[in-house]
Amino acid sequence: MSLFADIVFALPLPQAYTYAVPGEWTAAARPGTRVRASLGPKTAIGIIVRVHDQPPAGTFIKPILAVLDPEPIIPPDILDLAGRLSRRYYSSWGELLRAAVPPALSGASSMKAALTEAGRAALAAGSLAGEEAKVAALLAEKRMSPSYLKRKSVVSGGAAVLARLVRKGLAETRTVEKKVKPRAAQAAPAVAVQMDLDFAGDEAVARAAKGVAVAAAEGRFLSRLFFGPPARRASAYLACARDVLLRGRQVLFLYPEIGMSAAVAGAFVAGLGERVVLLHSRLTPRERLLARRRAESLESAVVAGPRSALFTPLPRLGLIIVDEESDDSYLQTENPVYDARSGARMRAEAASVPLIFGSETPTAEAFERARRDGGMFAMPASEPPVQAILLDDRTERGLLAAPLRERLADILAARKRAILFALRRGYAAFLLCPRCGHVPRCPRCDIALTLHQKNRRLACRYCSEEQPAPGSCPRCGGRIWEPRGAGVEAVAEELQKTLPAARIEVFDRERVRTRAAQAKVLARFAGGAIDVLVATPLLAHQPGVPAASLIGVLNPEQGLGQSDFRAGQRTYAEIRRFLRFLDGSDPRAAAVLQTAVPDHPVLTAAAAGDYAKFFGVEIEYRRMLGYPPFTAMAEVALWGRDVKGLERTAQDLASRLRAAGISEVLGPAEARSGGARGVQLVAKAADASVLDNVLGVVLPLVKGRKTVTRFD
DNA sequence: CAGGAATTAGCC
DNA sequence: GCTAATTCCTGA
């Protein structure tokens, strides 16, 4: 009987390929082992995902060249998890596995170029032209890959020049296969479980923890939402985790990339000490590998990390916790697209372990689900939520409303700290006519043109459109312009004018680039060397931000304007996150939301910290417009240069989707991501399986580069 | 209409 | 991702 293996590669390929397994490899070829196989004109390293005896019809079958590991490097559950995620998010199984096991799949063969004898002679004789001479000189030093050559050489078309040299017989290329180290055998250190922690939790925490502990002990999937402030969640997590650890099982704890949750992770470290393995993003690849091995081998441990920690192999997994469930960083939006929250659910279900989502500002999807299936555990804060004052700035001149300026002056007089949050970087203001409401827009892209204060010009963020800022409103002739939606630089500049003595610092990615610089600014702010920080949301993701006596949020309604059904969600969560920095110990501390839409329900709810009110509004909006969780939804973006052609393709895709039974297809609309242009469709269906079945059939029929993001 | 640059299809 | 095939583009 002949054997076949389905293999995936860390490339954007839509499916696995089937190879023949030669007799000598039949014992070694197991799912989860790496293999070298020929792929097109070269060889690549892939991972076996299935071994079977059904010869595929029609295609020519190549054999596996070698099995590289004596033992699988990826356990079956992780292999399967990546497979299921790749199917749900239409991303490559192999690319997901590379995200899961970074070093394993990166080594393949590489091409190296070098000069031939003739090439050396020609170079020495000086008979080569400008570009060719430059490239040849580089190659004379050592062999290098074409991409390295391209980076190193100042020549624009480095690859083309190399190709020319090869054709003339002056250079040659050869493929060098990278060596792959087989995985070293690991000894599992036997550590006695010795845990005597005291968690004098309160009633709500104890009740929440108990249900989880029972399910964990019975080996049963269960989904819970711990709805409450960080400190309460942390003690509930600890109570659950302790129980699981005492049974000699492992806990997977996911937290957002950076920031607030560090405090919760810190509580774990403080409470559980060396049983906590932190897989944070600053580890070097080798450190990460070692941390993973340690996590895998510890009999009982908490493994804490961001999104990618979802894939940590844990043979004795007993509980999964996803903290700050509403954080965007759980959704990886570039290839391979996947959502670690869905992934956590898949993994918990497959492993039959409880799953806890935790947040003070949960997504409407999670809240609705928990409400429906009784998984909700509310842990109200012991203190009432921070209340923010809503300031209407429609009649204000300038960027800062007068009452906010006055408060800032008071704060400075009292020698206290203040933080102002603005959503944009740099200057980035747009112009608004206060008389008729006209906003100058890009004639091509229809987005508000950005005002550049320095030269008083208007420019488009997307295209090259640029024009002088008009002196009067082209629509109504009004003479006065109001700059609106200003970036942090503009805010800081204006503030400095009104409060000349204030020590103001801008905190955004442009001004404060490195982590060290960020920490330095925060230390100065904490030490009293800075009075006011004018910051983008970047600040809210930093560890070690000191509390301030005044928190001002400038025009958060800009976030509501995004064409994204989760804009309200994100805005609510973001505002509440900003308000966490308010110094509760200062009786005169105040928070202010300055906005042009002071009656907007998302803003009034956020100002009051009233999640129930926010949820009521949000879920109704989702219901009315047919967004998740009431429908399953997918965004399909097609990318390319020829927008007209893409539009035709999108129309074709839309009609195919409709023909296949998708009732609601929106678009095509323009899509942009950085410099790339494209068109985008939104498909919605009442039933997730209908949507997935149709997409599975229709998407492969559409050619070209595309990204699919799936929501439900 | 050559010849090269740019884009795209296929990889089992 | 890389390569080969293809289309696109430039310049006579």
Side-chain angles (χ1 to χ4, degrees), chain A residues 2-22 25 29 31 34-67 86 91-99 102-113 129 131-132 135 144-151 155-168 172-178 334-336 638-646 648-649 675-678 699-707:
Chain A
S2 42
L3 262 193
F4 299 94
D6 292 351
I7 293 166
V8 297
F9 298 91
L11 298 173
L13 300 169
Q15 86 270 18
Y17 292 129
T18 305
Y19 288 79
V21 181
W25 297 113
R34 288 175 295 181
V35 294
R36 184 180 294 286
S38 131
L39 182 69
K42 45 177 277 171
T43 77
I45 291 174
I47 296 244
I48 298 182
V49 294
R50 195 167 77 96
V51 177
H52 56 93
D53 56 9
Q54 302 133 34
T59 33
F60 172 74
I61 308 288
K62 287 185 186 174
I64 284 170
L65 302 176
V67 178
S86 80
S91 41
S92 150
W93 193 344
E95 285 188 303
L96 270 161
L97 286 175
R98 182 176 50 189
L105 278 175
S106 46
S109 63
S110 66
M111 197 159 71
K112 296 267 173 162
E131 292 195 331
E132 293 183 357
V135 170
M144 46 182 79
S145 68
S147 59
Y148 182 70
L149 182 71
K150 205 166 162 186
R151 228 181 319 135
V155 179
S156 52
V161 177
L162 176 64
R164 209 151 64 223
L165 289 173
V166 171
R167 221 169 316 136
K168 290 184 184 171
E172 62 184 357
T173 58
R174 99 161 62 134
T175 47
V176 180
E177 293 189 348
K178 281 198 186 129
E334 50 206 61
N335 282 333
L638 308 171
W639 304 101
R641 179 164 284 209
D642 172 21
V643 177
K644 278 264 152 57
L646 290 176
R648 278 195 302 275
T649 314
R677 299 179 122 236
L699 283 177
L701 301 176
V702 180
K703 315 213 164 206
R705 198 166 86 75
K706 53 183 179 276
T707 52

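All values below come from the heavy atoms of this structure, side chains included, with hydrogens, waters and symmetry mates left out. Just so it is clear: chains get the letters A, B, ... in the order the sequence lines come, proteins before strands, and each one is counted from 1.
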Under 3.5 Å, N/O pairs linking protein and nucleotides 9-12 of chain B:
| unit_1 | atom_1 | unit_2 | atom_2 | d |
| --- | --- | --- | --- | --- |
| dC11(B) | O3' | G40(A) | N | 3.2 |
| dC12(B) | OP1 | G40(A) | N | 3.2 |
| dC12(B) | OP1 | K62(A) | NZ | 2.2 |
| dC12(B) | O3' | T18(A) | O | 3.1 |
| dC12(B) | O3' | K62(A) | N | 2.9 |
| dC12(B) | O2 | T18(A) | N | 3.0 |

Inset, instruction - Please report the shortest heavy-atom distance between F4(A) and A20(A), naming the atom on each side. - result: CD2-CA, 4.0 Å

Inset, instruction - Provide, to the nearest angstrom, the distance between the CD atom belonging to E95(A) and the P atom belonging to dC2(C). - result: 13 Å

Inset, instruction - Taking all non-hydrogen atoms of both residues into account, name the closest pair between P31(A) and R50(A) and its distance. - result: CG-CA, 4.4 Å

Legend entry - Secondary-structure string, 5' to 3', Watson-Crick or G-U under 3.5 Å, | for another-strand partners, for DNA chain B: |||||||||||.

Legend entry - Matching residue for R34(A) among V67(A), I45(A), I48(A) - test: side chain to side chain contact (heavy atoms under 4.5 Å, CB included): I45(A)

Legend entry - Set of side chain to side chain donor-acceptor pair (under 3.5 Å) partners for N335(A), sequence neighbours left out: none

Legend entry - E334(A) atom CD, neighbour heavy-atom count above 12 within 6.0 Å: no

Legend entry - Smallest separation among heavy atoms of S91(A) and L96(A), with atom names: OG-CD1, 3.8 Å

Legend entry - Where F9(A) and L39(A) come nearest, the two heavy atoms and their spacing: CE1-CD1, 3.9 Å

Inset, instruction - Write down the atom of L11(A), the atom of S92(A), and the distance for their closest heavy-atom approach. - result: O-OG, 2.8 Å

